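What follows is a single structure, written as structure tokens, with notes after it.
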Amino acid sequence: MNTLTYLFQTAVKNFWSEKRINLLTVLTIAVGLLIISAFALITLNIDLTLKNWSGGFGLVVYLKDNISAEEEGLIKNHFKKDTDITSVNYITKEQALKELRQTLGSATHLLEGFESNPLPASFELKLKRESLTPAGIKEKAERLKQFQGVEDVQYGEKWLASMDSLSKGLKVLTVSLGSIILIALAFVTYSTIKILFYRRADEIDTMKLLGASRSFIRLPFLMEGLFIGLSSGIIALSALFGIYAVTTAKTAELIPSIKSFAVFFPPAAYPVLPLGGALMSLIGSLFAIGRIKY
Amino acid sequence: MNTLTYLFQTAVKNFWSEKRINLLTVLTIAVGLLIISAFALITLNIDLTLKNWSGGFGLVVYLKDNISAEEEGLIKNHFKKDTDITSVNYITKEQALKELRQTLGSATHLLEGFESNPLPASFELKLKRESLTPAGIKEKAERLKQFQGVEDVQYGEKWLASMDSLSKGLKVLTVSLGSIILIALAFVTYSTIKILFYRRADEIDTMKLLGASRSFIRLPFLMEGLFIGLSSGIIALSALFGIYAVTTAKTAELIPSIKSFAVFFPPAAYPVLPLGGALMSLIGSLFAIGRIKY
Amino acid sequence: MIQFSDVSKFYDNEAALSDITLTIEKGEHIYITGPSGAGKTTLLKLIYAAERPDKGTVSVAGQDTGKLKQGAVPFLRRTIGVVFQDFRLLPNVTVFDNIALALRIHGIDSKEIKENVNDVLASIGMKHKAHEFPRHLSGGEQQMAAIARAIVSKPNVLLADEPTGNLDPGTADTIIKLFREINLRGTTLIIATHHDALFKNTGHRVIYLKEGKIEKETKD
Amino acid sequence: MIQFSDVSKFYDNEAALSDITLTIEKGEHIYITGPSGAGKTTLLKLIYAAERPDKGTVSVAGQDTGKLKQGAVPFLRRTIGVVFQDFRLLPNVTVFDNIALALRIHGIDSKEIKENVNDVLASIGMKHKAHEFPRHLSGGEQQMAAIARAIVSKPNVLLADEPTGNLDPGTADTIIKLFREINLRGTTLIIATHHDALFKNTGHRVIYLKEGKIEKETKD
Ligand SMILES: Nc1ncnc2c1ncn2[C@@H]1O[C@H](COP(=O)(O)OP(=O)(O)OP(=O)(O)O)[C@@H](O)[C@H]1O
Ligand SMILES: Nc1ncnc2c1ncn2[C@@H]1O[C@H](COP(=O)(O)OP(=O)(O)OP(=O)(O)O)[C@@H](O)[C@H]1O
Ligand SMILES: [Mg+2]
Ligand SMILES: [Mg+2]
């Protein structure tokens, strides 16, 4: 116990006695953690935005004018059984015409040639995000077309395909760039701590010659690494929050809607950065000290 | 001259005598340069992609069925004088109908109610990218509406607005994230070199006591910094190229079209990374050595 | 008991020590002398297992240091106090903490450490420098701190490598008297030195090394 | 000519030197002695401007070191050779390069450097260690390398701080003889040492320091 207290004090002393260079190390690692967490936050926000967009996506089932109540019942029943469908919205012929008028805007005169309402009634279906794959939707559409009373089934094939590839591309980018950055930062941490401890090789030698055990030598270094990582994490978290606040405020001047969908990490995730930093530095220190041979 | 040769040899020797730790430093800085140049490359590619997309954007000027040749002439003349317009395409009533049929696809029966072709002839205008601001386009549209024989002027207002804000947002993101990363890396470089040179404080002291001049002490360190930066830059450039090649190849499996628009930096820009790295390390070293006081 | 049997140690194919056979009894007070580069420091290093013999065996307290497991080395070293020729003080801690370190390693508690360190500092007249850092000490003061660290843990064996090189004759005398006291309490004492005034006419055993070999042995 | 006029130097409000007045003529051969912590090293540091006086003035070759501009310091130091008490060898370069460094600083060309360094190494019998790194040398060998570096550039003033602390009497004699030769060629020679055998009965001037003050001065 006494020895542990001493080793802890030693770590604090060592940290303090080289405060300038330790501060540099802390800031370096903090900057690294900041980059990776900023990256994670941006990814999170892009992902949420994509989810929002694709939440508006669905299938439209156009009904024949002469559909029977029984046929309509069968179709509705099918919707109920399909767990991928999250909402069903019935659009009457009149609503459809109204919507078309709105969409056409100033070109509404195009509709003047019609004697009766040419538009069909329809069901608008919304699907779970997970089910929004081009192949899956196509299959669903084909099945719905088989029903009696269904005139046609439409969905944004092209849009869906590009949305899908955008989402996939983004995932590839996120994972590859993210892991590059992660590896890079693990490396920067290791390297910084290695260089920092390299100076102490003499000191370690002396301790060995005085009969210190491996753990006696290592513990202060590991604790120092832990402090460094922990402080880095706390600094990174604060900086990230600051930058997030400033950036959203600034961006809101250009895109006011940003405030409604930009998010920060949930409070439960706050400890991740300090603890992650501490763990990373701890492992970095462990490698940096290396094998102690007598 | 003799002394310069010696100082150069000293730098090489120093670099070599601590090769492990110098290699770590080189890799750390290389990783930093890699991240920043990867970021620049991604930004470049996104920007080009946006340019491609918006290249397809334009205004459509719908003409009245009863437009006179003189009126058409005046309109065409106006187009010629407006330097923002890069291309003008005349769409006849028949072409318009054909296009609409294609667009409607399986819903083409909607057109069956028409007796005569309800669609107007039109001019499709393409604009310079720089002129694609919501306000500018709106003004252009209003002016065109004043012409005799013009039925209506349409443009993707919403799409343009979101495209514009996307582009602006991206720019804000790029500049802010980019400068954070740049500052971070300048800092990592400085810090790594500082920590590396910190060990040599004793050596510097000894040199001072032996009567070495400031430049005699500094030059080997600066050269060592230069080597470190130069090697880092070369490694980063090679790694970036490797990652680019692998990533585009991998991504092409998902989005085949990527090959047609993904670009790497032009060869003329290759020296930027090694030279930039060298410069950065040089400045970092200069700060790291600090003022030499006697 | 320390025993060298036909020990050689090579650096870059040159023998720093060759065919040394030597027995040092428990509680002995012995000097190692000889010109620069004769192998004095190397001989001491073999005792505290900082070097392993390339030929022959070195046994310390019954343990063959050449065959010692890594984990056993610290335990051996804790029974040996060493005054290093180049002092080897930790630069980032005070004189007090440098000396206390030798006790910390034994897991002794802080109160006892404080007492012991202060006692040692008092006995060598260095109390006023307890809270200085090594770089703020004179050469002799650094050497005194190194001596204090070696003796504070009351080791079974005390090795002192040129312990008076930076000391004035008066202080050197004090140190030698202190060493003698420690030796009388049962500690085996091995001093490597050029300083023949330390052993001249004392009746102690002196080993003369030359070019890695034992040239002669006397009882002055 | 080196002149101390009423010089004091304080560390943490304690005087390491107080009220020193002393004149050393060009070409003199003088010893500074006194117990550990008396201020010998501090006195030498004031000469090569590693410390500036807190009171009084130190003048070296007509220059007041206290008022010396930063840019002038290296030029002063190039006229002074110093054997540091803790050697101060660069750890990353060989003995040869450590010694050559003193000449590099003068901008001398490589061929001449090689000759001079080899001559010096030969004169102190260290040629066989020319390409070793300092950490692979014995204590005495390191001290010899430090001496070689101080004398290789044939300085006007040679300061040697405890230059024989790690040398055996034979080697110490050789070094002192070498110093004497250098002195006879006109170099001012100032040796700080505890080792009274160096100056006993030589007829040289000896300054005895004690607690920062000049206690006495003799011509032994
Ligand atoms: N940088 C420093 N900071 C604080 N005190 C110092 C510093 N340098 C020297 N001292 C103190 O000044 C006094 C004189 O030191 P100095 O090194 O001149 O002694 P010395 O005569 O050379 O002794 P030695 O023979 O032991 O080398 C000593 O008490 C020392 O502790
Ligand atoms: N690590 C090493 N690598 C290479 N050679 C070494 C090493 N350590 C010692 N030597 C050489 O071995 C020989 C004996 O060295 P040692 O340090 O034992 O001498 P010493 O008797 O202690 O001398 P001194 O009185 O000068 O301290 C010397 O020639 C030295 O150069
Ligand atoms: Mg030795
Ligand atoms: Mg001194």
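Every chain is numbered from 1 and lettered A, B, ... according to where its sequence line falls, protein lines coming before strand lines. This is a predicted model, so every value here is computed, not measured. What's counted below: heavy atoms across the whole structure, side chains too, no hydrogens, waters or symmetry copies.
Remark: Arg135(D) qualifies as a cation-pi partner of Phe133(D) under the 6.0 Å distance and 45° angle criteria applied to the six-membered ring. By the 6.0 Å and 45° rule, Lys19(B) does not stack over the aromatic ring of Phe15(B).
With respect to Asp97(D) and Lys13(B), a salt bridge is recorded, a charged nitrogen being found less than 4.0 Å from a carboxylate O.
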| request: Take Ser5(D) and Lys55(D), measure what side chain to side chain contact (heavy atoms under 4.5 Å, CB included) needs, and give me the verdict at the end. | output: CA-CA 9 Å; Ser5(D) 316; Lys55(D) 219 192 89 202; over 6 Å; no
| query | So Arg77(D) and Thr79(D), side chain to side chain contact (heavy atoms under 4.5 Å, CB included) or not? Walk me through it. | reply | CA-CA 5 Å; Arg77(D) 289 189 184 154; Thr79(D) 65; over 6 Å; no
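Close approach to chain D, defined as a heavy atom under 4.5 Å from one of its heavy atoms, is seen in Ile292(B), Lys293(B), Tyr294(B) of residues 285-294 of chain B, taken by number.
For the options Arg104(D), Arg78(D), Lys45(D), heavy-atom pairs under 4.5 Å to chain B are most numerous at Arg104(D). Most heavy-atom pairs under 4.5 Å with chain B, from the set Leu89(D), Ile80(D), Leu101(D), Val82(D): that is Leu101(D).
Minimum heavy-atom separation, Thr23(D) to Glu28(D): O-OE1, 4.0 Å.
Below 30°, between 30° and 60°, or above 60°: for Tyr31(D) and His204(D) the angle between ring planes is between 30° and 60°, a tilted geometry.
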